[in-house]
Amino acid sequence: MKRGGLIGATLFLAVASASILPALAGLAPAALMPPGEVQALGAEGAILRDDNLVDRLADVPFTLPIDSAGWKAGVLTLDLKVTGNDHEPEELYRNMAEAIGFAFQDTANVEQLLLRVLVDDKWLDSRRLLLAGDIRRSEWSSEGLGRLREAGNRPLPEALRRQFRISESELWRKQFIYP
């Protein structure tokens, strides 16, 4: 009987610890959060802060380098840099879509994304604007994001440019769209 009781107690402890330990492990990060902040589960709905901006952006699969990034009061500013002549509009649109997806699908507290795509002009030792977007959480949609990802090397439809408030510079139109 003692042997059966020992096996039963061991089995009970194994089942109890298997259900209790994961719950306890989930409490530790919440205890370390600053007051007033709520931890989101997984990447979706994560809270963007000054102290995690670089780490979070490092996880975004951009093919263009980040020139600068900033975070203040719900506004994420992001500059992507084009170097060289081997880029197509399709790649730039996809990078813009990655930034929009990150801002509004992967975070819970970005309300506005100010996005610029710049080109390094080595001849003039300056940066020049190609594309700019002023995207707001209240106006973006996953359908629009999909259309941006699939835009190819063609000019963006007017409706998509309006939805994401995308401005095209004269350099963009001459160099990439209407050469």
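Computation of the quantities below employed the complete heavy-atom set of this structure, encompassing side-chain atoms and omitting hydrogens, waters and symmetry-equivalent molecules.
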| field | side chain to side chain donor-acceptor pair (under 3.5 Å) partners for Asp55, two or more places apart | value | none
| field | Interatomic distance, Ile100 atom CD1 to Ser142 atom OG [nearest 0.5 angstrom] | value | 12.0 Å
| message | Arg165: which residues meet the side chain to side chain contact (heavy atoms under 4.5 Å, CB included) condition with it, sequence neighbours left out? | response | Asp134, Arg136, Glu139
| Pair listing, salt bridge (charged side-chain N to carboxylate O under 4.0 Å, His left out) test, anchored in residues 82-93, at least two apart | Glu90-Arg94
| said: I'd like to check the side chain to side chain contact (heavy atoms under 4.5 Å, CB included) partners of Ser68; sequence neighbours left out, ordered by chain and number. | reply: Asp79
| How about Gln175 and Leu130: do any of their side-chain heavy atoms sit closer than 4.5 Å? | no
| task | Can you sort out the partners of Ala99 under side chain to side chain contact (heavy atoms under 4.5 Å, CB included), two or more places apart, ordered by chain and number? | result | Phe62, Leu78, Leu113, Leu115
| task | Measure the shortest side-chain to side-chain distance between Leu76 and Leu53 over non-hydrogen atoms and say whether it is less than 4.5 angstrom. | result | yes
| query | Just by modelled atom types, is the Leu48 backbone N or O under 3.5 Å from a matching donor or acceptor in the Asn109 side chain? | reply | yes
| said: Other members of the hydrophobic cluster containing Leu129, with the 4.5 Å side-chain heavy-atom rule, please. | reply: Leu118
| said: To the closest 0.5 Å, what do you measure between CG (Asn95) and CG (Leu64)? | reply: 4.0 Å
| Separation of Leu145 CG from Leu160 CG (nearest 0.5 Å) | 9.0 Å
| request: Indicate, with yes or no, if Val54 and Val110 share a hydrophobic cluster defined by side-chain heavy-atom contacts under 4.5 Å among Ile, Leu, Val, Met, Phe, Trp and Tyr. | output: no
| field | Euclidean distance, Leu131 CG relative to Ser167 OG, rounded to 0.5 Å | value | 9.0 Å
| request: Return each pair, listed once, that meets side-chain hydrogen bond (donor to acceptor under 3.5 Å, both in side chains) where at least one residue sits in residues 152-161; pairs must be two or more places apart or across chains. | output: Glu158-Arg161
| field | Inter- and intrachain pairs under ring pair (Phe, Tyr, Trp, His ring centres under 6.0 Å), touching residues 133-165, at least two apart | value | Phe104-Trp140
| note | Applying side chain to side chain donor-acceptor pair (under 3.5 Å) to Glu143 and not counting sequence neighbours gives none
| request: Could you list all the ring pair (Phe, Tyr, Trp, His ring centres under 6.0 Å) pairs where at least one residue sits in residues 63-85, not counting sequence neighbours? | output: none
| said: Counting C-beta onward and ignoring hydrogens, is there a side-chain heavy-atom pair between Arg56 and Asp106 closer than 4.5 Å? | reply: yes
| remark: Rounding to 0.5 Å, atoms CD (Gln105) and CZ (Arg137) come to a distance of 9.5 Å
| task | Decide side chain to side chain contact (heavy atoms under 4.5 Å, CB included) for Leu92 and Trp172; before the verdict, give the C-alpha distance in whole Å, the side-chain angles of both, and the deciding distance to 0.1 Å. | result | CA-CA 11 Å; Leu92 306 184; Trp172 170 258; 3.1 Å; yes
| query | With Val75, which residues qualify under side chain to side chain contact (heavy atoms under 4.5 Å, CB included), at least two apart? | reply | Thr77, Gln112, Leu114
| query | Looking at side-chain heavy atoms only, is the closest gap between Phe176 and Glu168 below 4.5 Å? | reply | no
| query | Does Asp125 have any salt bridge (charged side-chain N to carboxylate O under 4.0 Å, His left out) partners at least two apart in sequence or in another chain, and if so, which? | reply | none
